[in-house]
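Worksheet for the structure shown next.
Atom set for the values below is all heavy atoms of this structure, side chains included, hydrogens, waters and symmetry mates excluded. Every chain is numbered from 1, with letters handed out A, B, ... down the list of sequences.
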There are 2 protein chains.
Amino acid sequence: MLKIGEFSQAAKVSIKTLRYYDQMGLLKPAWKDRFSGYRFYHLTQVEDLNQILALKEMGFSLDQIQTILQDEITLPQLKAMLRLKKTELQQEIKTSTSQLALIEDRLNQLDAGADLAQITLIQEPTILDQINKPKELEQMKVEIKTLPAFTTAGMKYVGKNENNQIAAMWQEIGPRWGEINNPAKPYERAFGICGEMEEDGSFTYLAGIQVDKVEDLPADLNSWEVPENTYAVFPCTLRDIHKTYQYAHSTWMPENGYKRADGPDFEYYGEHFDPADPESILYVYIPVKK
Amino acid sequence: MLKIGEFSQAAKVSIKTLRYYDQMGLLKPAWKDRFSGYRFYHLTQVEDLNQILALKEMGFSLDQIQTILQDEITLPQLKAMLRLKKTELQQEIKTSTSQLALIEDRLNQLDAGADLAQITLIQEPTILDQINKPKELEQMKVEIKTLPAFTTAGMKYVGKNENNQIAAMWQEIGPRWGEINNPAKPYERAFGICGEMEEDGSFTYLAGIQVDKVEDLPADLNSWEVPENTYAVFPCTLRDIHKTYQYAHSTWMPENGYKRADGPDFEYYGEHFDPADPESILYVYIPVKK
DNA sequence: TTTACCGCCTCCAGTAGGGGGAGAGTCAAG
DNA sequence: CTTGACTCTCCCCCTACTGGAGGCGGTAAA
């Protein structure tokens, strides 16, 4: 008649484990009080628990132990299980041994002066189909440019661009450039700036123009200071803008040895841009580093 | 510019795994389409994946691999990690080897004619304090009786006996025995029958009397057919009924080599029983087998 | 244009063997 | 009566994924 804590001490098994075995049906307490829920064990159950632990030491899973102990398994079945387990253990030992050999090999290589890249290299390079680059993007002339920091102001959006809200925003902000500045032409110095995607898929986007100062900005507009950065610049048509981003990240950058650098990417439109013409040219700027 | 399925085939890693590595931040696709959510990989990333797999083969966890690859670990740190892993692997091999020895030992014992009990026995018996049996129960005279099947009828309850609903039920059923039968005395042939506890802690309880037939039973009453069984019978006072169940299961049964058998247990009251007197005697019947 | 189909997405649940902790109830001593 | 030690259930966390439901994306046939 031991409470779970006493039994736990006596058998040197954690209380959590005993409750788990109870729940699994592997070792039920001799008596469970219907009203307090307290578990009571008897000393003789230490033997049962030791049986379980003995089988666990041999590497059996709790389910297997339950089968062995409860279903009063036959002797040939037990032998078969032991032999199966034996095979599994031999396999495990083989795996661990080969891992160990790998490690020792790498350690020796390190002592001989190799570096991480060589260490983790796998010998068999997989030969794969060539990349199918979109034809219309093949001849794209990409430039690398470093821009100083600059400030933009306009309308900000945070979300996943459901229902194409960003296009709607450009419609809305179009007639209001005068509230920020007085540009000579509608799309002169106009930028669409896009921050990094969050875990939930949302991102920040600002439709705006370059400004010198952010004073007297209407309350529903925002500004964004873009830091100095080195960019890869991709000229493209309005129609291909989506493909251009994809091409830039998934083809051009890996093949030319560039990596994405910190900082937002953006599109620059220019005074000749016409949102109604899908052939209209704009420029995609993506921060990169070698 | 490979979609996840293509990359998965090229690198021989499951799509699920690639998505998992993306989520972990271990291997992000070169480009993730903001609108469709599609992942795009580049062939050069097969190398990155191979680095990951190489480290995995050495037995590192994904977190460790991330540390190694991302944080541009120093050479001495890398060596230390490799050596640590080496030690772990040596330990694993030792464990597996001793498990294997245990298994082979048991297999030999089995061939020599041992049985399960001997196989799972652990050599060091833990010496423990004696059991502290409640004194008033020490002298309890327990009888083993086999009863034929019989039928009872009365009021049924299913639940966890919150707010002591079972006592309330006895109050309610008391004046209504006449609707079932015509007993000479109030508690003559009266039984409280208790089924096994469910997983959620609820159980079935019937407060009733023994009957010969269950015809003409009022709609709000139930019957319960108790099968033939062998019982351990514990006489006890109303006050000690709770302790008696506990003692029976957690002390008497293990110490006398009995196990709980299938079937409900019950209390038998008898014509002299007085629910107002805590010293009133009743009999607890618990199905047992050797 | 509709339909079918395949590939891809996200989100949820589950795996073995428990560990950690919250919030509430139990028990014995002072 | 209160206090402190003990226990209860319930829920989330760990690894390294796998499986499935329900819902888009994109293409080809009808």
Side-chain angles (χ1 to χ4, degrees), chain A residues 1-10 12-27 29 31-41 49 52-53 55-57 59-67 88 134 160-164 197-202 242-243 246 250, chain B residues 1-9 12-27 29 31-41 49 52-53 55-57 59-67 88 132 134 160-164 197-202 242-243 246 250:
Chain A
M1 205 144 122
L2 304 164
K3 286 200 285 186
I4 195 168
E6 298 159 351
F7 189 68
S8 158
Q9 283 199 323
K12 297 188 176 65
V13 168
S14 81
I15 291 179
K16 281 285 191 182
T17 302
L18 290 173
R19 283 203 274 251
Y20 183 59
Y21 288 178
D22 177 14
Q23 186 197 324
M24 309 268 326
L26 188 53
L27 180 69
W31 172 244
K32 188 166 184 183
D33 190 294
R34 275 195 277 264
F35 308 122
S36 73
Y38 275 33
R39 292 165 178 84
F40 294 94
Y41 295 82
L49 188 52
I52 292 169
L53 297 180
L55 290 166
K56 211 154 81 78
E57 261 184 50
F60 288 104
S61 75
L62 297 188
D63 270 357
Q64 291 173 320
I65 294 173
Q66 196 158 15
T67 307
E88 281 178 29
K160 304 185 193 179
N161 192 28
E162 285 151 341
N163 307 322
N164 215 9
M197 204 163 35
E198 301 296 322
E199 287 206 2
D200 63 356
S202 71
H242 192 188
K243 279 183 186 165
Q246 181 173 335
S250 70
Chain B
M1 204 144 123
L2 305 164
K3 285 199 286 185
I4 196 169
E6 298 158 354
F7 189 69
S8 156
Q9 283 198 323
K12 297 189 177 64
V13 168
S14 81
I15 291 179
K16 284 282 190 183
T17 302
L18 290 173
R19 283 203 273 253
Y20 184 58
Y21 288 176
D22 177 15
Q23 186 197 323
M24 307 272 325
L26 187 54
L27 180 69
W31 173 245
K32 188 166 181 182
D33 190 292
R34 274 197 277 266
F35 308 122
S36 72
Y38 275 34
R39 291 166 179 84
F40 294 94
Y41 295 82
L49 189 52
I52 293 170
L53 297 181
L55 290 166
K56 213 155 76 81
E57 262 185 47
F60 288 105
S61 76
L62 296 188
D63 269 357
Q64 290 173 321
I65 294 173
Q66 196 159 15
T67 307
E88 281 179 27
N132 41 351
K160 304 184 192 180
N161 193 27
E162 284 150 341
N163 306 323
N164 214 8
M197 203 162 38
E198 301 295 322
E199 287 205 2
D200 63 356
S202 71
H242 192 188
K243 281 183 185 164
Q246 182 173 335
S250 70

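Taken over five-pair windows at either terminus, the axes of the helix from C:dT1-D:dA30 to C:dG30-D:dC1 are inclined to one another by 40° (rounded to 10 degrees).
Evaluation of the side-chain contact (heavy atoms from CB on, under 4.5 Å) rule for B:L62 yields B:Y20, B:Y21, B:L26, B:K56, B:I65 as partners, not counting sequence neighbours. Take A:S36 and apply the side-chain hydrogen bond (donor to acceptor under 3.5 Å, both in side chains) test, not counting sequence neighbours, and it matches no residue. When the side-chain contact (heavy atoms from CB on, under 4.5 Å) test is applied to A:K3, the partners found at least two apart in sequence or on another chain are A:E6, A:Y38, A:F40. In this structure, B:D63 has no side-chain hydrogen bond (donor to acceptor under 3.5 Å, both in side chains) partners at least two apart in sequence or on a different chain. A:S14 pairs by the side-chain hydrogen bond (donor to acceptor under 3.5 Å, both in side chains) definition with A:T17, not counting sequence neighbours. Residues passing the side-chain contact (heavy atoms from CB on, under 4.5 Å) test with A:M197 are B:K32, B:R34, sequence neighbours excluded. Take A:S8 and apply the side-chain hydrogen bond (donor to acceptor under 3.5 Å, both in side chains) test, not counting sequence neighbours, and it matches no residue.
In 5' to 3' order, the nucleotides of DNA chain C bounding all contacts with chain A (an atom under 4.0 Å from a heavy atom) are C:dG17 to C:dT26.
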Exercise for review: Spell out protein contact along nucleotides 15-20 of chain D as letters: B when the base is contacted, S when just the sugar-phosphate is, - when no protein heavy atom is under 4.0 Å; keep the 5' to 3' order.
Suggested key: SBBBBB

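Between the CD1 atom of A:I4 and the P atom of D:dT7 there is a distance of 7 Å, rounded to whole Å.
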Please produce a list of atom pairs where a protein N or O lies less than 3.5 Å from an N or O of nucleotides 23-25 of chain D.
from   : atom 1 : to    : atom 2 : distance (Å)
D:dG25 : O4'    : B:Y38 : OH     : 3.4

